[in-house]
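Values below: every heavy atom of this structure, side chains too, minus hydrogens, waters and symmetry copies. Lettering follows sequence order; numbering is per chain, from 1.
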Number of protein chains: 2
Amino acid sequence: MKNKLNRLNAIRLIIANERIGSQDELLKRLYAQGFDLTQATLSRDLKQLKVAKTTAVDGSYVYILPSNPLYKRITKGKAVREQQVRNGFVSISFSANIAVIKTRPGYAGGVAYDIDEHELPSVLATVAGDDTILLVIKEGCSHEEVLAHLSPIIPGMEM
Amino acid sequence: MKNKLNRLNAIRLIIANERIGSQDELLKRLYAQGFDLTQATLSRDLKQLKVAKTTAVDGSYVYILPSNPLYKRITKGKAVREQQVRNGFVSISFSANIAVIKTRPGYAGGVAYDIDEHELPSVLATVAGDDTILLVIKEGCSHEEVLAHLSPIIPGMEM
DNA sequence: AAAGTTTATTTATAGATATGCAAAAATGTA
DNA sequence: TACATTTTTGCATATCTATAAATAAACTTT
């Protein structure tokens, strides 16, 4: 419950659902959830997540998730290029043989479809609501395996 | 050539076409174009334009324009101009103090938002339907003024 | 044109964020 | 396990950004 992946997910969730205007503010929210870190680390996390700071309609500053263009690095032979992908992925967390994937509102169906389409060896099935996907993990497969299989499908997830 | 509107347009153009990573950097570019201002003013300009600072694919920080309008630089011979990449704009016509802007189906709201966002001195308000925007022109402003103010926001309009 | 009002700008500084470096933790390898 | 390598983190601080207060400039109104 205290690793980096969980923390990054928590950051995404907080930013997706609240108006956060500074790192110190976000730091307090994270602390309230049991995460213990410094502003320096948070700065690096936000950089990794490509979170942006902009101005809200009311004139205050807010952090926003990189909903729009997300880039994926594609290596084919020695050539490296970047491909823009669109997707509503927000976070993923696990509980036993179930993974809960949160997406931006309305995106769950689309993301679940992408996952199903690939017939991953670690995924038994998915059920999608509006912003949540329940993913049933196949018997004997680890969470790491699931992450490894999902990351190429859901860019921005590999962290 | 030294008023605020021109400066804001210059800022948009620079940010749209170069990788600017800090206000001081942007300040230098503006200075090179003959704009004389301080970092404090620039900070307020960026706030007004709702420019965001985020992390680029290469890990550096960059300023980006509010997601909606996307600009690109078009070079034809020696002439360089900017054009909005994806835009629903179709046509504009005038009747007294009203401008009627037609867009592609579904784009009216987005385009109207872009217009509102800039708080143009010649625009009193906009109302958007699905493919039509009614724009109320401020008392005493000419159609040419409105066009002049809109064109940087809706490139391709002059063509 | 003078007086009042709003908007824009600068200066100075407070506040927020990024980062070099060293240490610690995690991961890989023999 | 011991050792090497990579990743993560905190500390301290440099860098960057926002804003209060004062002033100037641009408009309005009388």
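Looking only at atom types and distance, the side chain of A/Lys28 has no donor-acceptor partner in the side chain of A/Gln23 under 3.5 Å away.
Side-chain atoms of B/Lys47 never come within 3.5 Å of backbone atoms of A/Thr55 as a donor-acceptor pair (strictly under, hydrogens ignored). One N or O on the side chain of B/Glu25 and one on the backbone of B/Gly21 form a donor-acceptor pair closer than 3.5 Å.
A sub-4.0 Å separation between OP1 or OP2 of D/dT17 and a side-chain N or O of B/Lys47 is absent. Look at B/Ser43 and you'll find a side-chain N or O under 4.0 angstrom from OP1 or OP2 of D/dA18. Between A/Arg7 and D/dT8, a side-chain N or O to OP1/OP2 separation shorter than 4.0 Å is absent. Close to D/dA18, at under 4.0 Å from its OP1 or OP2, lies a side-chain N or O of B/Gln23. Contact check, B/Gln39 against C/dT9: no side-chain N or O comes under 4.0 Å of OP1 or OP2. Proximity of B/Tyr63 to the phosphate of D/dT17: a side-chain N or O atom is located under 4.0 Å from OP1 or OP2. Proximity of B/Tyr61 to the phosphate of C/dA16: no side-chain N or O atom is located under 4.0 Å from OP1 or OP2.
Of the listed nucleotides (C/dT11, D/dC16, D/dA12), C/dT11 has the atom at the smallest distance from the side chain of B/Thr38.
In this entry the distance linking CZ of B/Phe35 with P of C/dT9 reads 11 Å, nearest Å. Rounded to whole Å, the distance from CG on A/Leu27 to P on D/dT9 is 13 Å. Regarding A/Leu37, its CG atom lies at a distance of 16 Å from the C1' atom of C/dA24, rounded to whole Å. Atom NZ in A/Lys50 sits about 13 Å away from atom P in C/dA18, given to the nearest Å. With rounding to whole Å, A/Gln48 atom CD is found 13 Å from D/dT9 atom C1'. With rounding to whole Å, B/Asp24 atom CG is found 15 Å from C/dA18 atom P. Atoms CG (B/Leu46) and P (C/dA8) sit 15 Å apart, rounded to a whole Å. For B/Glu25 and D/dT17, the CD to C1' distance is 15 Å, given to the nearest whole Å.
Two residues are said to be in side-chain contact when any heavy atoms from C-beta on lie closer than 4.5 Å; B/Val51 and A/Thr54 fail this criterion.
Residues B/Lys53 and B/Asp45 each lie close to DNA chain C; by heavy-atom proximity, the contact nearer the 5' end of the strand is made by B/Asp45.
Residue-level contact check: B/Thr41 touches the bases, meaning some heavy atom is under 4.0 Å from a base atom. If you check every strand for non-hydrogen atoms under 4.0 Å, A/Leu42 touches nothing.
Put simply, the side chain of B/Arg44 and the base of C/dT10 share a donor and an acceptor less than 3.5 Å apart.
Cluster membership check: B/Ile15 does not share its hydrophobic cluster with B/Tyr61, using side-chain heavy-atom separations under 4.5 Å among Ile, Leu, Val, Met, Phe, Trp and Tyr.
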